[in-house]
2 protein chains.
Amino acid sequence: MTNGTVAMGRPTLEQVAQHAGVSRATVSRVVNGSPTVAEPIRAAVERAISELGYVPNQAARSLVTQRTDSFALILPEWTTRVFSDDQLFPGVIRGVGQEMEAADKQLVLMLAGSAASHDRIERYALARHVDGVLIASMHGADPLPGTLARMGVPVVCGGRPLGRARVPYVDVDNVNGARQAVRHLLDTGRSRIATIAGPQDMVAGIDRLTGYREELRDSDRRSIVAVGDFTRDSGAVAMKQLLQDDPQLDAVFVASDLMANGAIRVLREQGRRVPDDVAVVGFDDIELARYTEPALTTIRQPIDGLGREMARQLLRLAGGETIPDQVVLPTELVVRASA
Amino acid sequence: MTNGTVAMGRPTLEQVAQHAGVSRATVSRVVNGSPTVAEPIRAAVERAISELGYVPNQAARSLVTQRTDSFALILPEWTTRVFSDDQLFPGVIRGVGQEMEAADKQLVLMLAGSAASHDRIERYALARHVDGVLIASMHGADPLPGTLARMGVPVVCGGRPLGRARVPYVDVDNVNGARQAVRHLLDTGRSRIATIAGPQDMVAGIDRLTGYREELRDSDRRSIVAVGDFTRDSGAVAMKQLLQDDPQLDAVFVASDLMANGAIRVLREQGRRVPDDVAVVGFDDIELARYTEPALTTIRQPIDGLGREMARQLLRLAGGETIPDQVVLPTELVVRASA
DNA sequence: CTGAAAGCGCTTACAG
DNA sequence: CTGAAAGCGCTTACAG
């Protein structure tokens, strides 16, 4: 059996100071790497620290420094979606993690699937548990970023926030990416170009549909739209609907690679050859895009880069620097076999 | 442009007290829901709180309470593995999250892929950023749980920790689960039973191999072993090797469903019918098991339940209660089509 | 280069 | 039921 009540062993600065025969100020200086400590004293203090197993109390430290050296990445999603085979989240997390590690900051991940956890996270950030917050994958006009920013918590969003809150963000050029995709289809002689859009409560879903519409309008083509939710299955369902709505379609721009994967499966099941009968362009360029049959022509977005840029901006903001209201990263057409 | 330097707006308890014309103690009582505050006073304080937008400073509060009301779940893995299509992690996270939510505690997730991040997390926990720590998916004899426990940080491991550290843990009965699998194969008349074991630096890999060996030894059969790393591809590679080592094998116990999925693919490619020529039993019972072709007979482990139980034990430990050194959850044979 | 002292923003016995 | 006061464990000007 293990007992929760501990032998009250945690040594304090005070005890280290006594043990080493110096003042608390000196121990503090050694702990914080101040260069103004004489070598023999430093050595003595360091010995005391390791003998006692001293670790500074973070609460006491942040109370005076007003820093915690840790940052939160908030994903307002259920685990189910975050841990799907959509490789978007891991990419962003990896990018953020790299930058935080380089800056020697601790990254904490918080998933907020329910309204209750969403609230608790707000309190957590407002209580200054972290020096700043990154919010990605927002749905609708989430008030969280605005609330935190208004209360003085440094916040950077991943993806343009919907709603009126003016919070700095890093995003990918979704509109132009979608236009690139459609332009490629037009350039390769397609005429009836449908789209499987992403969820319309997320900015990536909205903007990619906008780009699709804009490009078609500029060339006087009509839109044929079905909406999915970025999952593979929703892509399959949407593809079936499109084929029913317009059996003549000869191309489809799908707003995510995972949905494109589902769509291609349906096309094959219904006897349409890709790209001969129907050309398919995806969006994301996740690893899967190289392994679909046929390999997927898609719009590459810099997923890790998005995470890295978000972290960089947040670190600057938390450091008191002025940062741009928005950073928009470019996308790139990657031509493979499907279009 | 957004500027990091804030209007220094964060109000303190002191300011709320002045605003409401009461003492700090009274404000503190209201904030903490003490029942001994007269109704009109409480109302006045609450008005002041909301007018000023007051949120208690967590550092100051934990400095005196010695609590933070948040707990960490540490996964010593790279994002790549955590976010693979192995649905084990999300299940554990979901289970832990549910219990923490019920207890109104904040859960923070920390991934420790690198040695540097592993160290930073140790400092994080020792600095009392959290009231306790859950560690799952450990590799080898990770010193982290022992170190934290020794320093008085409440720790509960998911999976029996290797090495000599005596840290309380919650685990699944891997040995017996493997025995159930092998017994089922024996009972259904199989005689040359191979195994694809999990990684031998993880307790789930080790124990499932032990169970396999024990059950075969008890019935005087010899073992035929290949080792994978719990990924689908490693299951495929291992299956090829087994078929080469012993072309006569008529059954294989695979230590994870994902590896089993890879193994079945190889069996089919090599013209072996499942289960007619080779019976396959997996382990985990993730959702995929129902959708493989044929559907997978497997050993169900309570994945969410593991997470929930870990959280429950940790909450009790952090609350000063005495908890058992180990809690071992039972597994269950689920018979489908593959064996 | 080092120490005494103030102070960060809270909570909590202790009086009243 | 409420307030004055001590104290949680640090950091950081300020002297010397």
Side-chain angles (χ1 to χ4, degrees), chain A residues 6 8-46 48-49 52-70 123-124 126-129 131 151-152, chain B residues 6 8-46 48-49 52-70 123-124 126-129 131 151-152:
Chain A
V6 170
M8 293 316 313
R10 312 310 306 302
T12 67
L13 238 206
E14 177 82 57
Q15 293 169 43
V16 176
Q18 279 186 336
H19 196 88
V22 299
S23 72
R24 280 144 64 210
T26 298
V27 177
S28 177
R29 289 189 187 99
V30 171
V31 168
N32 292 292
S34 158
T36 75
V37 179
E39 201 36 49
I41 303 238
R42 167 185 312 284
V45 171
E46 264 157 6
I49 287 175
L52 270 51
Y54 171 71
V55 179
N57 177 314
Q58 179 59 41
R61 177 180 269 179
S62 354
L63 186 54
V64 26
T65 61
Q66 310 277 26
R67 285 185 301 100
T68 65
D69 293 320
S70 55
R123 272 151 40 209
Y124 187 88
L126 289 176
R128 303 288 184 180
H129 256 116
D131 295 343
M151 297 294 290
Chain B
V6 170
M8 294 315 313
R10 307 315 301 304
T12 68
L13 237 207
E14 177 82 58
Q15 293 169 41
V16 175
Q18 278 186 338
H19 195 88
V22 298
S23 73
R24 280 144 65 211
T26 298
V27 177
S28 177
R29 289 190 188 100
V30 171
V31 168
N32 293 292
S34 158
T36 77
V37 180
E39 201 36 49
I41 303 238
R42 167 186 311 285
V45 171
E46 262 156 8
I49 288 175
L52 270 50
Y54 171 72
V55 179
N57 178 314
Q58 179 58 42
R61 176 180 269 177
S62 356
L63 185 54
V64 26
T65 61
Q66 310 277 29
R67 284 184 301 101
T68 66
D69 293 320
S70 55
R123 273 155 35 212
Y124 186 88
L126 289 176
R128 302 291 184 175
H129 256 117
D131 296 341
M151 297 295 289

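Side-chain atoms are counted along with the backbone in the values below, which use heavy atoms only and exclude waters and symmetry mates. Proteins get letters first, then strands, A, B, ... in listed order; numbering begins at 1 in each.
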Practice problem: Taking side-chain contact (heavy atoms from CB on, under 4.5 Å) as the test, write out the residues that go with Ser70(B), two or more places apart. | Solution: Tyr124(A), His129(A), Thr68(B), Gln106(B), Val130(B)

Quiz item: How does DNA chain C read in dot-bracket, base by base from 5' to 3', with Watson-Crick or G-U pairs under 3.5 Å and | used when the partner is on another strand?
Solution: |||.||||||||.|||

Quiz item: From the 5' end of DNA chain C to its 3' end, which nucleotides mark the outer limits of contact with chain B, defined by a 4.0 Å heavy-atom distance cut-off (strictly under)?
Solution: dG9(C) to dA13(C)

Exercise. Say whether, by atom type as modelled, one donor and one acceptor occur between the side chain of Arg29(B) and the main chain of Arg42(B) under 3.5 angstrom.
Key: no

Quiz item: What's the verdict on side chain to side chain contact (heavy atoms under 4.5 Å, CB included) for Asn32(A) and Arg61(A), showing C-alpha distance, side-chain angles and the deciding distance?
Solution: CA-CA 11 Å; Asn32(A) 292 292; Arg61(A) 177 180 269 179; 3.4 Å; yes

Quiz item: Contacts to DNA chain C from residues 32-42 of chain A, heavy-atom cutoff under 4.0 Å, which residues?
Solution: Thr36(A), Val37(A), Ala38(A), Ile41(A)

Quiz item: Do the non-hydrogen side-chain atoms of Val27(A) and Val22(A) ever get within less than 4.5 Å of each other?
Solution: yes

Quiz item: In residues 55-64 of chain B, what residues come within less than 4.0 Å of DNA chain D, judged by heavy atoms?
Solution: Leu63(B), Val64(B)

Quiz item: Do you know the tightest heavy-atom contact between Gln58(B) and Arg67(B)?
Solution: NE2-O, 3.5 Å

Quiz item: Looking at Val31(B) and Tyr54(B), what are the two nearest heavy atoms and their distance?
Solution: CG2-CE2, 4.0 Å

What side-chain donor-acceptor pairs closer than 3.5 Å can you find for residues 33-41 of chain A, not counting sequence neighbours?
residue: Ser34(A); atom: OG; partner: Thr36(A); partner atom: N; Å: 3.2
residue: Ser34(A); atom: OG; partner: Thr36(A); partner atom: OG1; Å: 3.2

Exercise. Give, for atom CZ of Arg128(B) and atom CG of Leu63(B), the distance between the pair rounded to the nearest 0.5 Å.
Key: 13.0 Å

Quiz item: At their closest point, which heavy atom of Ala48(A) faces which heavy atom of His19(A), and how far apart are they?
Solution: CB-CD2, 3.6 Å

Quiz item: Which heavy-atom pair separates Ala20(A) from Ala44(A) by the least distance, and what is that distance?
Solution: CB-O, 4.1 Å

Practice problem: Look only at the side chain of Arg10(B) and the backbone of Leu126(A), and say whether a donor-acceptor pair between them is shorter than 3.5 Å. | Solution: yes

